[in-house]
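If you're wondering where the values come from, they're calculated on a predicted model, not measured in any experiment.
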Amino acid sequence: MDWQVLASLAIFLSLLMAAAFAVQRITGASGWIDTIWSAGVGFAGAVAAVLAEGADWRNFAVLALVIAWSLRLASHIGTRTSGGGEDPRYARLLEEWGEKASMRLFFFLQVQALAAFVLVLAVYLAASNTAAFPRLIDITALLIGAFAVAGEASSDAQLSAFKKTPQAKTEICETGFWRYSRHPNYFFEWLFWCSLPLLAVGAQPLSWLSLAAPLMMYWLLVHVSGIPPLEEHMLKSRGTRFRDLQSRVNAFFPGPRKTGGRP
């Protein structure tokens, strides 16, 4: 492992999220934070893939995977943000922080920079694997990564289409993947990061550090900054309708619909 490369990428991510803080303070739109974060992880991941010492085709495969993920997610969030409206998760945090919102947001975004580095490290380890490429597990990983990007894009498109209908003012999206998971976009986001350890894990003990990426993303999405604040917002805005949805649709992993609640 080239620790100098990794240290440089960590510094870059820290400075990038400091810039994201400035953008949010100037524009008042917190969606730009996640846009910049997604683009930054993609850029740092691309640099990591190029500079890693794995086989050329492995580097290229990992590079293509992380660029596809980054461009898709950053463009989606950026388009949504440019359309107006505040992210309810950030709005709640800023309201809770009150007069200390500016300082606490800055340090919160530095924690996001650390999370971004964990993901970039997984990309670097995946591209650094010296095993012959492609193995069956490599092909499986690439298929999972591609499926995850496509699934998250489809989930976002289904939700965007629903929001343009009159029903969106009072109802909750239950079309497509949203019939089987309350947060299919989060599930596919987590699934994407599951593909990196499959590419990374090999004979080198440090390659197992790549498992930190999906473990961290699961914890963040399910228990911290993903589902909990968003569902709190949905309960306030939809009330009984959302409680009914909770009784019949899984929160994270897609699965069969349960009986109970409104049909």
So how far is it from [X] [atom1] to [Y] [atom2], rounded to the nearest 0.5 Å?
X: L73; Y: F192; atom1: CG; atom2: CZ; result: 10.0 Å
X: Q204; Y: M1; atom1: CD; atom2: CE; result: 9.0 Å
X: T79; Y: I77; atom1: OG1; atom2: CD1; result: 10.0 Å
X: F117; Y: L6; atom1: CZ; atom2: CG; result: 5.0 Å
X: S207; Y: L199; atom1: OG; atom2: CG; result: 11.5 Å
X: R182; Y: R248; atom1: CZ; atom2: CZ; result: 10.5 Å

Which heavy atom of [X] sits nearest to which heavy atom of [Y], and what is that distance?
X: V120; Y: G45; result: CG2-N, 4.0 Å
X: L230; Y: P88; result: CD1-CG, 4.2 Å
X: N59; Y: V50; result: ND2-O, 3.8 Å
X: W208; Y: G202; result: NE1-O, 3.9 Å
X: R238; Y: E171; result: NE-O, 3.2 Å
X: W32; Y: G78; result: CH2-O, 3.7 Å

Does one hydrophobic cluster hold both [X] and [Y], with members joined at side-chain heavy-atom distances below 4.5 Å?
X: F242; Y: L159; value: no
X: V66; Y: I36; value: yes
X: L71; Y: V123; value: yes
X: W3; Y: L9; value: yes
X: L220; Y: L215; value: no

Is the shortest side-chain N to carboxylate O distance from [X] to [Y] below 4.0 Å?
X: D138; Y: R135; value: yes
X: D34; Y: R89; value: yes
X: R72; Y: D156; value: yes

Any side-chain heavy atom of [X] within less than 4.5 Å of one from [Y]?
X: S154; Y: F177; value: yes
X: W178; Y: Q158; value: yes
X: R257; Y: V249; value: yes
X: R92; Y: E95; value: no
X: S160; Y: H76; value: yes
X: N250; Y: K258; value: yes
X: L191; Y: E152; value: no

**Q.** ring-ring contact (aromatic ring centres under 6.0 Å, His included), paired with F252, selected from Y180, Y218, Y186
**A.** Y218
With distance as the sole test, does [X] use its side chain to make a donor-acceptor pair with the main-chain N or O of [Y] at under 3.5 Å?
X: Y90; Y: L105; value: no
X: S14; Y: A10; value: no
X: S70; Y: S38; value: yes
X: T35; Y: G31; value: yes

[X] [atom1]: over 12 foreign heavy atoms closer than 6.0 Å:
X: E232; atom1: CD; value: yes
X: F43; atom1: CZ; value: no
X: F60; atom1: CZ; value: no
X: W97; atom1: CH2; value: yes

Q | Criterion side chain to side chain contact (heavy atoms under 4.5 Å, CB included) on T130 and E53, from CA distance to verdict | A | CA-CA 8 Å; T130 56; E53 298 178 353; over 6 Å; no
Q. In a check of side-chain contact (heavy atoms from CB on, under 4.5 Å) between S210 and each of L198, L125, N129, L196, which one passes?
A. L125
Q | Option from Q110, Q112, R104 for which side-chain contact (heavy atoms from CB on, under 4.5 Å) with F108 holds | A | Q112
Q.
Under the criterion side chain to side chain contact (heavy atoms under 4.5 Å, CB included), I'd like the reasoning laid out for S30 against L94: C-alpha separation, chi angles, the key distance, then a yes or no.
A. CA-CA 10 Å; S30 300; L94 293 172; 4.0 Å; yes
Q: Using the six-membered ring wherever Trp is involved, compare the ring planes of W190 and F187 and label them parallel, tilted or perpendicular (cut-offs 30° and 60°).
A: tilted
